[in-house]
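Below you'll find the structure, written out as structure tokens, and then a few comments.
Since this is a predicted model, take the numbers as computed values, not measurements. Naming: A, B, ... by sequence-line order, numbering from 1 per chain.
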2 protein chains.
Amino acid sequence: MSKQPKYRQVADALRREIDNGDYPPGSRLPSESELSARFSASRNTVRAGLNLLVTEGLVSSSQGLGYEVRKHEVFELNASRFENLSFPQSGDSYSTDVTNAGRRPRQTFRVEMTPAPGYVAERLNVEPGSTSVLRFCHRFVDDVPWSTQATHYPEWLVAKGPRLTEPGDIEEGTTRYLASLGVEQVGYFDEIATRMPTPDEARLLEIGAGVPVLLWTRVGYSGEQAIRCTVTTFRGDLNRMNYEIGDLSARSENEPQ
Amino acid sequence: MSKQPKYRQVADALRREIDNGDYPPGSRLPSESELSARFSASRNTVRAGLNLLVTEGLVSSSQGLGYEVRKHEVFELNASRFENLSFPQSGDSYSTDVTNAGRRPRQTFRVEMTPAPGYVAERLNVEPGSTSVLRFCHRFVDDVPWSTQATHYPEWLVAKGPRLTEPGDIEEGTTRYLASLGVEQVGYFDEIATRMPTPDEARLLEIGAGVPVLLWTRVGYSGEQAIRCTVTTFRGDLNRMNYEIGDLSARSENEPQ
DNA sequence: TAGTGGTCTAGACCACCTC
DNA sequence: AGGTGGTCTAGACCACTAC
């Protein structure tokens, strides 16, 4: 073992004490000056150590209040059932999911015509920069920013389904609306990635340092044609996704062996 | 617009220049002292700005070398096909996938008997702390640490399949071996989450600051029984997962509309 | 050897929160 | 008012990389 720099010793000691339960989730750490005395280090050095814990997502800090141990409450989203073709739902599946979990959903919504970003154009199989309809949701659970969702529809589809450009919600859901026009989604291609948020994302989702985002890109197909590309950006500390594959009908959830 | 602190101005300016292509991926940023002169700020302030970019995953730094703009090369893993029940593969699916991509796979491997961690016990439906077999892989692509994979099997299954405890690879694959004993995996339950790496994970995967991990937990079922729990920890900057749902057989991948 | 980033200090002043 | 974290400085010394 090589000698660790002092700020790492500070971080390691505090991390151990947090893992150990000395500082449970939601509790406050000692102040910088107390830690400075305890570790015989300058305030700056202690700050460097605390900053490590912040970027690890273990604690958060706020001016005038101190450092708090993060609590993690996770919302799980079933991506196989979500909008599943065999489980048709009425209305907005996000709102029903959240309400079923006993939480209060809220969302802001807007529609705009916009050139398709390269990433989206590629997946919709249209020319980069060609016009697309963007339907954008900013979603909250109990007034905490939870995720953003941006769905792009290609121009040719708007000709068939002009209501896609309507600024308000589509009552029966866009999937159902398109199906009523004979454009039925028969399959999805999902991509999942993670990275640190851009400054814009950090602002929209009120993410502090040390929290990554979970990116979920879903392309919906009707036969050979891609008809939509939905990019959902989740706060990584609050969300988890799951998929069911194959036959899980017999699965028992409770009694241990 | 409120006035930003100086170290944020430094970060914002450099971020804009990076996005703008002034510093392409793989290139080096000016040295701290040069930036210090350019922004009329102390070296410490410039360092605070650069540290922001590091924790955002945009640049990395190394002693004696300077700050380098990260390049992102992503490996995509198809989780619906991977070990898919209808697409049986011979041998190790990881190695074949990587080789098919024209890269060189390498892995270290070990087996141990160990108490099942709470997280795993819950998913295997066994008592927390009861014995399980852990088969652990540390995987590299072209000698870059890529992921770790820990598969736990419950004790009762080892009685049926004693070769699970063999320290070496199982030639035909564990899935196939278990099937030959009448324990066939008929379905999976996948969970996907993200967070910042623990210090241990950061060491194993050689992750610097600003790179989250992607956690993939797969529980395999044979009828009502959970027979394995596999936790894969990916470097978030190098990996992406995808799932295919429904009927994508007609999907066209190339010609724009 | 020269230049780079890594660590550390001591002290100053500001902004925010609680009482 | 007093305590908390947030910002910033000037300077010192160390460790690593390149030449």
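Every salt bridge (Lys or Arg N to Asp or Glu O under 4.0 Å) that B/Asp143 has, sequence neighbours left out, goes to B/Arg104, B/Arg106. For A/Phe189, there are no ring pair (Phe, Tyr, Trp, His ring centres under 6.0 Å) partners two or more places apart in sequence or in a different chain. In this view, B/Phe140 and B/His138 satisfy the ring pair (Phe, Tyr, Trp, His ring centres under 6.0 Å) rule, not counting sequence neighbours.
No side-chain heavy atom of A/His152 sits less than 4.5 Å from a side-chain heavy atom of A/Arg228.
Looking at residues 23-39 of chain B, you'll see B/Ser31, B/Glu32, B/Ser33 sit with a heavy atom under 4.0 Å from some atom of DNA chain C. Remark: A/Arg43, A/Asn44, A/Arg47 in residues 41-55 of chain A come within less than 4.0 Å of DNA chain D through at least one heavy atom. Residues from residues 203-211 of chain B placing a heavy atom under 4.0 Å of any atom in DNA chain D do not occur. Residues of residues 63-70 of chain B having a heavy atom closer than 4.0 Å to DNA chain D, listed by number: B/Gln63, B/Gly64, B/Leu65.
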Show every donor-acceptor pair shorter than 3.5 Å between a side-chain atom in residues 22-29 of chain B and any protein atom, with sequence neighbours excluded, or say none if there are none.
unit_1	atom_1	unit_2	atom_2	d
B/Asp22	OD1	B/Asn20	ND2	3.3
B/Ser27	OG	B/Pro24	O	2.6
B/Arg28	NE	B/Leu65	O	3.0
B/Arg28	NH1	B/Leu65	O	3.0
B/Arg28	NH2	B/Leu65	O	3.3

Return all side-chain donor-acceptor pairs below 3.5 angstrom for residues 9-19 of chain A, not counting sequence neighbours, or 'none' if the list is empty.
unit_1	atom_1	unit_2	atom_2	d
A/Gln9	NE2	A/Gln4	O	2.9
A/Asp12	OD1	A/Arg15	NH1	2.8
A/Arg15	NE	A/Glu56	OE1	2.9
A/Arg15	NH2	A/Glu56	OE1	3.3
A/Arg15	NH2	A/Glu56	OE2	2.8
A/Glu17	OE1	A/Arg38	NH1	3.3
A/Glu17	OE2	A/Arg38	NH2	2.6

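A salt bridge does not link B/Arg135 with B/Glu166: every distance from a Lys NZ or Arg NE/NH1/NH2 to an Asp or Glu carboxylate oxygen is 4.0 Å or more. Salt-bridge check for B/Glu73 with B/Arg103: passed, with a basic side-chain N closer than 4.0 Å to an acidic carboxylate O.
The overall bend of the helix from C/dT1-D/dA18 to C/dT18-D/dA1, read as the angle between its terminal helix axes built from five base pairs each, is 10° when rounded to 10 degrees.
The list of salt bridge (charged side-chain N to carboxylate O under 4.0 Å, His left out) pairs with a residue in residues 108-117 of chain B, not counting sequence neighbours, reads B/Arg110-B/Glu112.
For DNA chain D, the outermost nucleotides in 5' to 3' order that have an atom under 4.0 Å from a heavy atom of chain B are D/dT7 to D/dA18.
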